[in-house]
Amino acid sequence: MIDYEILKLIWWGLLGVLLLGFAIMDGHDMGVGALLPFVGKTDEERRVMINTVGPHWDGNQVWFITAGGALFAAWPLVYATAFSGFYWAMLAVLWALFFRPVGFDYRSKLPNPAWRGAWDWGIFIGSAVPALVFGVAVGNVLQGVPFHFDDTMRAYYTGSFWALFNPFALVAGVVSLAMLVAHGANFLVLRTVGTVQKRARAASMIATGAMMAAFAVAGLMVGELPGYVITSAIDHGAVLSPLDKTVVMQKGALLANYAAQPALWLFPLLGFAGGVLSLLFVALRRGGLAFIATSIAELGIIFTAGASLFPFVMPSSSDPRSSLTLWDCVSSHRTLGIMFWVALVMTPVIVAYTSWAYRVMRGKVTVEHIQANSRSAY
C-alpha cells in the first residue's frame, strides 16, 4: 500500500488534473455555447457551431462528473462543506445546465425561428453562467469561505449568496468565463470555415485579451488579500481532524509558496504564454495550435490557483482553525489507495476513448454540410 502522506499528495494532484480535463474538454463546448448568439448570425451558421460540439459535448461531461465524484470520495468534508455553503450558487449552475442538453436536442425539432432563437439563448445561459460561477467559486475559496465546525464536526456556513459576488471573486469569474470563451472560439477556428471562422477569430482575440487582463488584475489583487498559514506541527501521514491544527491569517500568504519555491512561477507564466501564443496562432489561422495554446493557458491558470492555496483546499475566513487542507479532509488510507488504482486504470481509458471519438469526427463543419444533412445534423 502506498504511504498515506503520498496518497494525499497524489489525490491533490489528480483532482487538479481532472479539473484541467474538464476545462479543456467540456470548457471548449461551453465556450462555443456562450458564443452561439454572437458568432452565428443566421440559423445555418448557428447550426454549424452546434454541430462542431454536438457529437461530443455529452461525452465531455464525463470529466465534470468524474471530478465531482473524486471530490466526494477523496475529500468528503470539502464536498459536504462546499455544497452546503455554496448551495444557491450550485443550484444556479444546475438550473443553467438544464438548458444545455434540452437546447441541443430540441433546438432543431421545429423550423420556427422564435423556437430556435429561444433555445439559442438557453444554450448561451447554460454555457456562460456555469463558466462564470465556477470562477466566482474559486475566487471565494482563495479568499476563504465563512464556515466553521462545532465539536461534533458539523459545518455551519455564515455567509450569504450575494456576498459571494465580491470584487475579487467577480474578477476570477471573468478569468474563467473569458478563458473558456477563448478556448471555444479557438475550437471554432479549427472546425469551421468562412464567415463563422472569421467571427470566431475575432471573438478569440477579444476573449484572450480579456482573460490575460483579468488574470493580471487578479494577480495584483492577490498580493493584498489575506492568506492562511498553518502555525502548528502536524503529522502529514496521520488521520487528522481539521480542528487538530492552528491557522492564522496573514497578508500576502497566498504568494508564500512562490517565494519558497520559485519554480512555481512557471504556472502563471504558462497562463500568459498560452494567451500570447493563442493570439499569434489565431492571427495565423492555425486553429489546432491555438486550441493547444488556450489549453496551456488553462493549465497555467488552474494550477496557479492550486499552487497559491497549497496545502489548503478550502480555508475558513470565520474560523481559520476549521480550514480544510489536503492533510486533514481526506478519506481513509484504504479508500485513497483503492481509488488510486481505479483512477490509474480508468483515466487512460477515458482519454483513449475521447481521442478516438474526436479522431472519427474530425474535419470541418460547413454550411453546405448542414444543408446536405439537414435531417441528421443538429
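Bear in mind that the values here come from a model prediction, so they are computed numbers and not experimental data.
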- Message: Would R116 and L110 count as a side chain to side chain contact (heavy atoms under 4.5 Å, CB included) here? Give the steps.
- Response: CA-CA 7 Å; R116 293 186 173 184; L110 296 176; 5.9 Å; no

- Message: Is there a ring-ring contact (aromatic ring centres under 6.0 Å, His included) between Y87 and F161? Walk through the geometry before answering.
- Response: CA-CA 8 Å; Y87 181 75; F161 173 75; over 10 Å; no

- Query: F149 and F147: ring-ring contact (aromatic ring centres under 6.0 Å, His included), yes or no, with the steps?
  - Reply: CA-CA 7 Å; F149 295 108; F147 73 93; 5.6 Å; yes

- Kindly determine whether M153 and L243 satisfy side chain to side chain contact (heavy atoms under 4.5 Å, CB included), including the steps that lead there. CA-CA 9 Å; M153 291 305 298; L243 301 180; 3.9 Å; yes

- Item | Chi angles and distances behind the side chain to side chain contact (heavy atoms under 4.5 Å, CB included) call for V239, Y4 | CA-CA 9 Å; V239 178; Y4 196 21; 3.9 Å; yes

- Task: Show your working on side chain to side chain contact (heavy atoms under 4.5 Å, CB included) between T325 and M314 and close with a plain yes or no.
- Result: CA-CA 7 Å; T325 73; M314 190 173 178; over 6 Å; no

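Residues I65 and V349 do not share a hydrophobic cluster, clusters being chains of Ile/Leu/Val/Met/Phe/Trp/Tyr side chains in contact below 4.5 Å. Linking Ile, Leu, Val, Met, Phe, Trp and Tyr residues whenever their side-chain heavy atoms come within less than 4.5 Å places W327 and I2 in a single cluster. Hydrophobic clustering of Ile, Leu, Val, Met, Phe, Trp and Tyr side chains at less than 4.5 Å, counting indirect connections, keeps V365 apart from V189.
Using a cutoff of 4.0 Å between basic side-chain nitrogens and carboxylate oxygens, K245 and D235 are not scored as salt-bridged.
Side-chain atoms of T52 do not come within 3.5 Å of backbone N or O of L188 as any donor-acceptor pair. The backbone N or O of P146 sits less than 3.5 Å from a side-chain atom of T158, completing a donor-acceptor pair. In this structure a side-chain-to-backbone donor-acceptor pair under 3.5 Å is present from Q143 to G139. Counting only distance, with no hydrogens or angles, the side chain of W115 and the backbone of Y106 share a donor-acceptor pair below 3.5 Å. The closest donor-acceptor contact from the side chain of R100 to the backbone of I123 lies at 3.5 Å or more, if one exists at all. In this structure a side-chain-to-backbone donor-acceptor pair under 3.5 Å is missing from Q261 to N257. Under a 3.5 Å cut-off, the side chain of N51 and the backbone N or O of G54 do not form any donor-acceptor pair. Looking only at distances, a side-chain donor or acceptor of N140 sits under 3.5 Å from a matching main-chain atom of L164. Between the side chain of T347 and the backbone N or O of A343, at least one donor-acceptor pair lies under 3.5 Å. Within the 3.5 Å criterion, the main-chain N or O of T192 finds a donor-acceptor partner in the side chain of Q197.
Counting only N and O atoms by type, the side chains of R321 and T246 include no donor and acceptor under 3.5 Å apart. Counting only N and O atoms by type, the side chains of S316 and D319 include no donor and acceptor under 3.5 Å apart. The closest side-chain donor-acceptor pair between S84 and T81, if any, does not fall under 3.5 angstrom. With no hydrogens or angles considered, a side-chain donor-acceptor pair links S308 and Y258 at under 3.5 Å. Checked by atom type, the side-chain pair S241/D328 shows no donor-acceptor distance below 3.5 Å.
In terms of heavy-atom proximity, A207 sits nearest to A178 at O-CB, 3.6 Å. Across every non-hydrogen atom of C329 and V78, the tightest pair is SG-CG2, 3.5 Å. Scanning all heavy atoms of the two residues, the minimum distance from M249 to P320 falls at CG-CG, 3.9 Å. A pairwise comparison of heavy atoms in D26 and W57 identifies OD1-O, 4.0 Å as the closest pair. Considering every non-hydrogen atom in both K364 and V193, the closest pair reads CD-CG1, 3.9 Å. In terms of heavy atoms, S278 sits closest to N186 at OG-ND2, 3.0 Å.
Ring geometry for F165 versus W162: interplanar angle of 30 to 60°, hence tilted. Taking the six-membered ring where the residue is Trp, F312 and Y228 present tilted rings, their angle falling between 30° and 60°. The aromatic rings of F291 and H28 sit perpendicular, their planes meeting at an angle over 60°, well past the 30° parallel limit.
In this structure, CE in M25 is found 11.5 Å from CD in Q61, a value given to the nearest 0.5 Å.
Taking the six-membered ring for Trp and the full ring otherwise, the centers of F134 and F22 sit less than 6.0 Å from each other. Between F83 and Y79, the distance from one ring center to the other falls under 6.0 angstrom. Residues W12 and F310 place their aromatic rings such that the two centres sit under 6.0 Å apart.
Two residues are said to be in side-chain contact when any heavy atoms from C-beta on lie closer than 4.5 Å; E298 and I301 fail this criterion.
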